[in-house]
Amino acid sequence: MNSLTQQISRPLIRGRVIPKSILATSMLSLPMMLCCCLLNDYPITGLLSLAALLAVLIPLFSIRPLLLLKYLGMVFSWASTIIGCVVVEYSNMYLSELTVVSFFEGSLPLYCLTCWIFFVLLFLFDSRLDSQKADFPVRTTLSLNGNLVHYVSIAILVLLCVMFANVASRPSFMLGIDRFEYSSLHSLGLIGTVANFMNWLIVIPMLAFKNGERLLGGFCVILYCLYLFWTGTKFGGFFSVLCFIPLVYYDRILALDRTRLSSLAKRFGIAFVALLLVAVASFTVASDKDAGTYLQERTAQQGQLWWRTFGITQGKPHIGELSNELDATLRPTDSIAENVGANNGIYKIMYLCAPASIVDSKLESGSRYSSAGYAAAYYYGGSFGPIAYAALMSILVSFFTNLFVRMVTLNNAVLVILTARLFRICSSVASMFLFSELIEPISILSYCVIAIYLMLIRKQGSSVSRKMRTTTIRESFGV
């Protein structure tokens, strides 16, 4: 095993086991959250379950800050939904998207328990998948594709220039509109489709920057962020870029000691807060609402579908309706607007929780509500549904995240693009309960290409190992 592989392997092996203190806290917090779920009619149980969850996650991420950086998107998704659930449960505010006034429903304990299941299992699966990198060839002749990364980055730069030139004369901030209104007023056509692909293609310029082409890679990322800002994006696209950075630099982050790793995590935290403040400022400039009202409404939107589904269904499972999900998965749609009247995934939950006329208008504009994956699981499976879904998502998220990291380490542009797309799809599946993209032809082709390449890499690694052993034996006998 070469020195680079050993350098990468040691920190991985060092962090494979959950510390005993955290394990003990986890085992103590689980009964408390179960009791809170059973006694959820009392408002205090929601706060107790949240405290029990934080008692596990805060020490876990403090000891393993790499886990926080690696799954930054998932951490934010869970945190925003829990905060939204707290706001909805305890503030009695009017929810304009649902046209109801919120009240205490007792939905928080089950959601906290689901979050506990997700992160504990994610840690275990990640430790297993991540530690296998110790036997994975980091650099081989098949993986030295720096030139391909260079040329693909140039192609992406050309696309970004065309994209920005198409919208340069119509900045959203001059019109006072968001990205959904911008898309409806200015038909982007093919440019809009390319922009959607750029959500995961942007990792190639990031890889070029990492490889030393700082001018090319940095200019691509800046131009992409400028395009997002110009077309009305306030947070999501920028946050996606932020989440990709620690994954692209994962092999180098592994070499950092705990002090430097904690410092890096704090810097990402500062960057996230700055991004959030910019998003709030951008909204308040174009709106008559103050920052506090905007934050309250925006966070409530993250938890409103879970809260409303919990109250409507009261734990009654609807397993017989799962056939709708299978039909929708086998017959996917091309755009959000084509899902008016749909009866699957997030669309089903939207129609369950809100008036049909409001949902129709929302979908026709090309937008949809936030965070319905676990609400849909609760609708279909009752109280057991979100727990089972959390276990499934912990496997998928860990698998696709580690697969993407491995391809980045190999520096292969084609495989990085394929796995970045799958990584983005997996994140969408977790929050939207929409599975069609995971089994569409391009995804199946991606699985085949990745599997073949990994087999070639493994075969080449075995061949290199045999040659090294032969050379060592010959040297030992003086041959």
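Throughout, residue positions are numbered sequentially from 1 according to the sequence presented. In this text the structure is predicted, and so the values were computed from the model without any measurement.
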Ring geometry between Phe119 and Phe61 (parallel below 30°, tilted from 30 to 60°, perpendicular above 60°): perpendicular
Side-chain donor-acceptor pair present, Asn339, Thr333, cut-off under 3.5 Å: yes
Parallel, tilted or perpendicular: ring planes of Tyr389 versus Phe435, cut at 30 and 60 degrees: perpendicular
Check: Thr81/Trp306 side-chain N/O donor and acceptor closer than 3.5 Å: no
Flag for Ser80-Arg298: side-chain donor and acceptor within less than 3.5 Å: no
Interatomic distance, Leu226 atom CG to Leu160 atom CG [nearest 0.5 angstrom]: 10.5 Å
ring-ring contact (aromatic ring centres under 6.0 Å, His included) partner of Phe423, chosen from Phe400, Trp200, Phe244: Phe244
Mutual orientation of the aromatic rings belonging to Tyr374 and Tyr111 [parallel < 30°, tilted 30-60°, perpendicular > 60°]: perpendicular
Polar contact flag, side-chain donor to acceptor under 3.5 angstrom, Asn402-Asp126: yes
Test item: side-chain donor near acceptor, Asn324 and Tyr380, under 3.5 Å: no
Point-to-point distance, once rounded to the nearest 0.5 Å, from OG of Ser153 to CG of Leu201: 10.5 Å
Any donor-acceptor N or O pair under 3.5 Å, side chains Gln304, Tyr369: no
Heavy-atom pair with the smallest gap, counting every atom of Val429 and Leu434: CG2-O, 3.1 Å
Inter-residue atom distance Tyr249.OH - Leu254.CG, 0.5 Å rounding: 14.5 Å
Cys112 versus Leu53, closest heavy-atom pair with distance: O-CD1, 3.8 Å
Atom pair CG (Leu122) and OH (Tyr71), whose distance is rounded to the nearest 0.5 Å: 5.0 Å
Lys348 bridged to Glu321 by N-O distance under 4.0 Å: yes
Modelled atom types, side-chain donor and acceptor of Ser431 and Ser371, under 3.5 Å: no
